[in-house]
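Chain identifiers are assigned alphabetically (A, B, ...) following the order of the sequence lines, protein sequences preceding nucleic acid strands; residue numbering begins at 1 within each chain.
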Amino acid sequence: MVFLADSVTDIDVFLQANAEPKSSWVFLALGIIVALLSLTIYSIIFPGQNLPVISDLETFASLKGQVWIFVLGMLVGALMILSTLLTEVTRE
Amino acid sequence: MFVDIPNHLTTWLILFIFFALSSRGLGTLGEVLRSTGMFLLEKALGPAIDFAEGKPGSAARTWIVLSALWLFVAVCFTFLGIWVGHDQYALISLSGWGYTPSSSTLIAAGTAVGLYGSVAMAVIGASFHVLPSLCGTPGGLPSERNGTLVAAPWTLGVIILFIAAHNPDPFGIDITFAAVAAMGLAYSAIAVNLLIAFANRTQSPREPGWLLILAIVAGPVSVLVEVLMGDTNPIAEPWLVLKLYGAPFFLWSVSALAMYSAALGSRSPLWSRTLSGTVLVGLVITTSAYQSLDGGLFSSLITQNASMPSVSDTSRMFGTFLVALSLAPMLALSANIIATIRTSGKSPEITNGMAILVASSFSLVILWFLNYSFRSPSFVGFQTYEPLLETVELMTMWLFMIPMSMGIVLHLYPTITNRTLPAPERTRQGYWMFVTAVSAGLLCTLISESISLSVTEIDIEATSSLAERFAVIGSVLFYGAVVAVTLHTLNIVRGLFHGKMLQNASQSARRIESYTITSSTSIRSVLAAGADVETVLVPASDTDVPGAPTEL
């Protein structure tokens, strides 16, 4: 396609892409940018202070010493594999 | 006296002689060797051979299913090892039963099982199918029964290795040798089986086939050269095992099978024959140096307590040069796989293993740089990054070796078992969980260890809570890999009984409705993709895919 002059119609064709991202992705990207901006502004206004509520949440660190929860998950997985093997092999 | 350069040169020379002789055939001698080999594989075993079934594909199926089971054990113990790394009393209650593993013990057990149980068994099982296919061997694998049967001694070897990783000498003798002996017995039968398949070929095996057969013979050749060239006793020198099941066996065979799977799985010819040749020649020349300088890099951890023999400064320099040069075949392998899978212009399929092949090809180059950066000081005798090497080795295994073998298994599974995987959605979930969990989890662990190392380096009396937090986060994230591998293993096991029979599946999948053309493409590529006269060819610019290139 050849564009002759910088008329409004041509510019529109030139600038308009064939495909657009889905609206959900646009909102997701905007959300991430807004979150980052908020964090930055908070750290400027209240330097050195923890975030309210969010900073009080215990994340993975609270799982220290709780390996048995994960071991239980592994045992369930092993049992699923073993039971599948045994029941399928002995199925009539 | 350990002189490494002549050994390297001799190994390459023997491999070249093997290549030249096998290209031209051995004439009458070949006939004699073939019949002797078949006698050893079947009749010499007496009634034992009747324990195994000889249906086509049974050997490959046995090895691949066992590899999936071992993978589950490997991921569980690796996870526990990472966890105990930051919480050393986590499993203290097991001491009542006499089991008091440390972090390094658990990781060594997971690694031994992961390498020799999962990766090696997947590689051997896949080779049983792929090599006869590449060679056009009439009747497929010469002895399916022997191929199936030798899975037993190999599995026994892995079990003993697993025990030896916890306690190498429970009865006062080093049981690692028993493991090596059992696996060596199985390995010799596997090698004879594959060599006969190779000798009966009706066509050239192409570059992946050559790499695969060289991977099988390179280990025994390396050991033979060490014994002949030096005063090495193969019984008393445990590090020799690194030569038998080291970089050639794992790295070359995984590379060859990945190239095969990428081409067949994406239904596109391999993107570049030059790159395939670079992989073949480059890997043979450069990566054999890995196991001479350092036991870890893409090699095995079978001999944890065995120290590598010291090498001269000239050999060290020569080896370091070769290791640096190995970037070329790594880049070639990575580029060839990614470009082949992306030739059709579509996203790689997750369910047939193409996506995980692409992911591990990407990570290969990153891992090479990580390995080279952290290991180069140890090549010249400094232990600067020694504490980080365990995690780098884990990353090499869990981001390259294991995902590659998983991709190969996912691709070959329908052909080998004659059934499709029963739950494509489970495969997709497993893929995302595995890639995310392993990369994020091990990266956090590496960050944690880097912080600890920095704190130690500056010699201050402080414990870093940040390092501990990263360690906890890393281990929790790695648990995603346990869940992913559980899904993968369940899928493999259930597929044997509930997978759709391939005949029905292949009829519907034989013809493709449309084929997207992104650039100039040969008719051969289009036909190879499964197109026929009814297939619609769609230029890439006509697609409605979001984010497609804009026509200017």
TODO: Apply side-chain contact (heavy atoms from CB on, under 4.5 Å) to the pair Val71(A) and Leu80(B), showing each step before the final yes or no.
DONE: CA-CA 8 Å; Val71(A) 173; Leu80(B) 287 174; 3.8 Å; yes
Task: Under 4.5 Å from any heavy atom of chain B - which part of Val76(A) - done: neither
Task: Beyond-backbone contact of Leu490(B) with Met80(A), side-chain heavy atoms, under 4.5 angstrom - done: yes
TODO: Give, as side chain, backbone, both or neither, the part of Tyr89(B) having an atom under 4.5 angstrom from any heavy atom of chain A.
DONE: neither
Task: Point-to-point distance, once rounded to the nearest 0.5 Å, from CG of Leu85(A) to CZ of Phe497(B) - done: 6.5 Å
TODO: Measure up the Phe70(A) and Tyr479(B) rings against each other and bin them: parallel (under 30°), tilted (30 to 60°), perpendicular (over 60°).
DONE: perpendicular
Open item on the list: More than 12 heavy atoms of other residues, nucleotides or ligands under 6.0 Å from OH of Tyr99(B): yes or no?
Closed with: yes
Task: Gap separating the CD1 atom of Ile492(B) from the OG1 atom of Thr84(A), nearest 0.5 angstrom - done: 13.0 Å
Open item on the list: Tell me the closest heavy-atom pair linking Ser93(B) and Trp68(A), and the distance in Å.
Closed with: OG-CZ2, 3.3 Å
Task: Residue part contacting chain A, namely of Ile92(B), when any heavy atom lies under 4.5 Å - done: neither
Task: Over all atoms of both residues, closest heavy-atom pair of Leu69(B) and Ile81(A) - done: CD2-CG2, 3.7 Å
